[in-house]
> 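This structure is in structure tokens; I'll ask about it shortly.
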Amino acid sequence: MDFKDFELIYKNNRHEIKDKQKIKSNLSEILGDNNFSDSEIDIFAYTKDSTMIGYNWTLEGKIAGLADFIIWPENKNQIIKILHLANSEEIPVIPYAEGSGVVGGAIPIRGGIIIDMKKFNQILKINEKDLTVTVQSGINGMNLERALNHKGYTCGNIPQSVQMSSVGGWTAHKAAGQFSTKYGKIEDIILGMEIILPQGDIINFNPIVRKATGPQLDKLFIGNEGTLGIVTEVTLRIWPYPEKRALLSYAFHTFEDSLEAVRQILREQIYPAVVRIYDKDETKRHFLHMEKANDKVMVVFVCEGNERLVNLEEEITREKCEQNSGVDCGVHPVEHWFETRFRVTETSATPKMQITFDTIEVASSWENAAKMYHHVLDSVKKLKGVILFTAHVSHFYPNGVGMYFTFGGVETGEETNFDFYQKVWNATMEAVVASGGSIAHHHGIGINRARWMGVEWGKSMKIMKEFKKILDPQNILNPGKVYENIWHEGVD
Ligand SMILES: Cc1cc2nc3c(=O)[nH]c(=O)nc-3n(C[C@H](O)[C@H](O)[C@H](O)COP(=O)(O)OP(=O)(O)OC[C@H]3O[C@@H](n4cnc5c(N)ncnc54)[C@H](O)[C@@H]3O)c2cc1C
């Protein structure tokens, strides 16, 4: 099948470049002939990111967005010149890293130039005294972690997608890794950044631990999703590679008991690197072969770091689990988690079975966590077509949690798979909002969640849009995302 046979979903407001030949020769001048492409195969490769419904669309012969050019700049000067060109010609520019985003953030829904950051892949400096690493933003997460491990360090940000995501993508989508309860989320790990603004100016945020120099402008760019600037360099905190790892697991009778045990652990200022609470249905998905987990809520812990501290963390973790009726399940469930933690076969297997599958991560205070969990479950499980709906909690703070729902199902009656998808997302978001939670914990907004941004931000949404206008008056940087609700355009 030729890619032109695919139906383009977001076509109505696509920017049409009037003189493509002229832009092509401009790109050639700026980048040389090897760093850009408008070949069909390249354009097709960048029609989607890892948004799950995108896999169903591909199988149905649909594509979400169609860029005009893909470019691979090698230095900042080239990026600046590209932004000048884009502003003068009013062409959209979409930063693209590894395309592992799951909310459509990197899809070129307005056409234009995809600026792939993969050639920005260098480690610039490891500072062993300050415990920092400075990298170019396009570096692959696993390449960075391996290089750090080799020198006896870890950066502590290990998302499930670490093998297929970049530091720039983490920064732009505000990522959280599997070891986040100890090392923090990406906003805790980033110390400094270099950003190229939409009109081509470079700004730097020095990697100094703290500054009382007015409002923290740097925070505006963490989670900016490629709409306010292009991240070119990032300085991250690093840590000595853990001396010891203790693997623990406990099975609980109820979701509430497991939450309470973990809340009490964190209250003692004990931060296991990994804590994962699987609700009963998700425990079945992952630990069916373990008798002790039968009809239970499984919780796995990894405590790591200095040996003496790890011993104490282990002792207190065990004490709190046992005080909340947890049953010790040994190291095996944690070893099983280590073996399978990057396995996501459902993502590619389910669309072929015409199943619509996705995950939704949200956040809550401790006070509302169990209430939110039950409210979401009650709202979604009663929907027609749902065949799977499970949850785990995998990011913890002394003041709340990040919760992660997984669903699978089939459209019924007159519904399309998009209707079904919407139905589950809507029910989840409504239940989260009604329970006082936040609509997103670490996947970001992109195009999928933009329709709830008004609900989440209220009057502040207007200020966010003003910021966007000030920094990007021509709206060239990743248009149609975060601040605009375009999700339904062209989708039927
Ligand atoms: C199987 C799987 C597991 C996942 N697990 C996790 C997880 O554990 N934790 C987690 O947080 N996320 C997870 N994700 C989501 C995804 O990996 C993250 O959102 C990741 O941060 C995206 O990085 P990327 O480099 O692939 O960025 P992309 O998908 O290429 O881009 C994401 C967004 O960032 C923008 N962007 C990219 N680079 C730059 C830059 N240099 N400057 C400005 N903007 C830029 C893009 O325009 C886009 O809006 C997972 C995804 C998959 C498919």
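Whatever order the structure lists them in is the order used to number ligands and atoms, beginning at 1.
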> Would you check whether N224 has a nitrogen or oxygen atom less than 3.5 angstrom from a nitrogen or oxygen atom of ligand 1?
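No, since none of the N or O atoms of N224 sits under 3.5 Å from an N or O of ligand 1.
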> Would you please indicate if the ring centroids of H443 and H173 are separated by under 6.0 Å?
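Centroid separation for H443 and H173: 6.0 Å or greater.
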> Just distances here: any N/O of G101 and N/O of ligand 1 closer than 3.5 Å?
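Min N/O separation from ligand 1 is below 3.5 Å for G101.
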> Take the angle between the ring planes of Y404 and H442 and call it parallel below 30°, perpendicular above 60°, tilted in between.
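Ring orientation, 0 to 90° scale: parallel.
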> Can you confirm, on distance only, whether ligand 1 has an N/O atom lying under 3.5 Å from any N/O atom belonging to I230?
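Not met; the criterion fails.
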> For atom 41 (N) of ligand 1, what's the nearest protein heavy atom and its distance?
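The answer is V231 O, 3.0 Å.
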> Among all protein non-hydrogen atoms, which one is nearest to atom 51 (C) of ligand 1, and what is the separation to 0.1 Å?
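Nearest neighbour among protein heavy atoms for atom 51 (C) of ligand 1, to 0.1 Å: S100 O, 3.2 Å.
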> Please confirm whether G177 comes within less than 3.5 Å of ligand 1 when only nitrogen or oxygen atoms on both sides are compared.
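No, there is no polar N/O contact under 3.5 Å.
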> Counting the benzene-type ring for Trp, do F407 and F357 have ring centres under 6.0 Å apart?
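Ring-ring flag for F407/F357: false, centres at least 6.0 Å apart.
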> Tell me whether the rings of F418 and Y421 are parallel (<30°), tilted (30 to 60°) or perpendicular (>60°).
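It falls in the parallel class, under 30°.
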> For ligand 1 and V344, I'd like to know whether there is a polar contact (N/O to N/O, distance under 3.5 Å).
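No - when backbone and side-chain N and O of V344 are compared with those of ligand 1, no distance drops under 3.5 Å.
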> Over 60° means perpendicular and under 30° means parallel, so classify the ring planes of H286 and Y278, tilted if in between.
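Tilted, since the angle between the ring planes falls between 30° and 60°.
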> To which of A176, P159, G229, S394 does the heavy atom nearest atom 11 (O) of ligand 1 belong?
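Nearest option to atom 11 (O) of ligand 1, by heavy atoms: A176.
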> Where on D49 is there a heavy atom closer than 4.0 Å to ligand 1, on the side chain, on the backbone, on both, or on neither?
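Within the 4.0 Å criterion, D49 makes no contact with ligand 1.
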